[in-house]
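Below you'll find the structure, written out as structure tokens, and then a few comments.
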Number of protein chains: 2
Amino acid sequence: MARPRTFDEKTALMAAARTFRRHGFADTTTEQLCTAVGVGRGSLYNAFTSKDELFIRAIEAYLQALSEVEHEVLGDPARTGAERLQGLLDLVLEEEENAARDGHAAGCISVATLMSPDLRSRDERIGKLVEEDRSRRHEAVKHAARIGQADGSVTRDDAPDGIAWFVSGLISGIRVNAQAGAPIKVLRRTAATGLRALRP
Amino acid sequence: MARPRTFDEKTALMAAARTFRRHGFADTTTEQLCTAVGVGRGSLYNAFTSKDELFIRAIEAYLQALSEVEHEVLGDPARTGAERLQGLLDLVLEEEENAARDGHAAGCISVATLMSPDLRSRDERIGKLVEEDRSRRHEAVKHAARIGQADGSVTRDDAPDGIAWFVSGLISGIRVNAQAGAPIKVLRRTAATGLRALRP
DNA sequence: TTCGTTCTGTACTTCCGAATACAAAATATG
DNA sequence: CATATTTTGTATTCGGAAGTACAGAACGAA
């Protein structure tokens, strides 16, 4: 009934997310987004209203995709609690390894967005999205920690909530270290050291 | 012999640094800088050439001030290695506590700058400054770790270099968690858990 | 084939913020 | 007190990036 799109929306959002992740919101021009998505200005604005709107939809898509993969690992009944936490760290390490192969660090919308108050105040949905993502992951890790304490694979020196915060921090730390140029091998050891603190 | 400045340069730089830390480079306008420093546009440009130049000098001043305080703790011969590392973490926690009292997280130029590749590519001095700061801290922590391994207060499960990366990551993680809204109490526990991994 | 509808690309407008120009002000020195 | 010199504040310019307008293109349906 009308002219069809020459691009897939989901693919476009993921491409946009990649660009935003690497350059940050303010330092990404709409032109960069056009080339990244492989589409003209007109199409971009036709499909996604504005840069702000595109950003919101892009991080939404990205965070959801990420969350699904993580959920699979953290909720895997075949693993002990400790193995689930280890699995989560492995996902992060794998992502950084892939990114490193392309010559850059993975970047992380959560960290970058959290670190920019102005970005959050730009549109309340942004802060909300990131906060929901964080909170969902927090609960998932907390649950895995409880499982681990029950099956004896995780220390009881900390409450599950404390463990969840620690794991989040550990992941953020690894991401920042990756940006600082730490080689994969070092990132792996950092993860191992961190997890060691959670052994019973 | 000429009209004197109405402001102190060092104070101005620290005020600018504070502003940049909270909003990030791209999201800080020169007007914000003027009000933060308490000076007109003309004066600002007269004293510091451009926004870029001001940014560079501001982070330079800030990182140096920070580094001096940290050096005192990490090099304190009265402390064991573990106590020095604990002291470093205490500095970070203290900074976050003060910031929290003002209703915001401390922010961290290192993390923010590392997380923004475009910012670094803007002027090579920026990346260099942050990298030098990181590297200096890295060496200082590594040294403290060695001391700790020698005096028996720090584990030998990891090499000093690995410990240094871990501690940097731990600090970054704490800063990110602070931005995410974690209360001081949680940050403290995260630090404690991390340091537990370094016990012999 | 023709029409209605949506997509695409380009040229244009608009706006915001960095940077500059310049006149007035403030001091030290002779 | 006069002059040289630097600072200060304001008005203005300038550039770049976001967003818009619009004409043409690509389909499906009648």
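Each chain gets a letter, A, B and so on, in the order its sequence line appears, and its residues count up from 1.
Taking only side-chain nitrogens and oxygens, T29(B) never comes nearer than 4.0 Å to OP1 or OP2 of dG17(C). Regarding contacts with the backbone of dC7(C), a side-chain N or O of R5(A) is found under 4.0 angstrom from either OP1 or OP2. A close approach under 4.0 Å does occur between a side-chain nitrogen or oxygen of T30(A) and OP1 or OP2 of dA18(D).
Between E31(A) atom CD and dG9(C) atom C1' the separation is 13 Å, expressed in whole Å. Atoms NZ (K51(A)) and P (dT20(D)) sit 15 Å apart, rounded to a whole Å. Atom CD of E9(A) and atom C1' of dC7(C) are 13 Å apart (whole Å).
Judged by distance alone, the side chain of T19(A) and the main-chain N or O of A15(A) form a donor-acceptor pair under 3.5 Å. In this structure, the side chain of K51(A) does not engage the main chain of L33(A) through any donor-acceptor pair within 3.5 Å.
Residue contacts for F48(A): at a heavy-atom cut-off of 4.0 Å it reaches no nucleic acid atom on any strand shown.
By the side-chain hydrogen bond (donor to acceptor under 3.5 Å, both in side chains) test, R134(A) is found to be paired with E131(A), residues two or more places apart in sequence or in another chain being considered. For Y45(A), there are no ring-ring contact (aromatic ring centres under 6.0 Å, His included) partners, not counting sequence neighbours.
In this model, a side-chain donor or acceptor of R3(B) finds a partner on the base of dT7(D) within 3.5 Å.
Mapping D52(B) and P4(B) onto DNA chain C by nearest heavy atom places D52(B) at the nucleotide closer to the 5' end.
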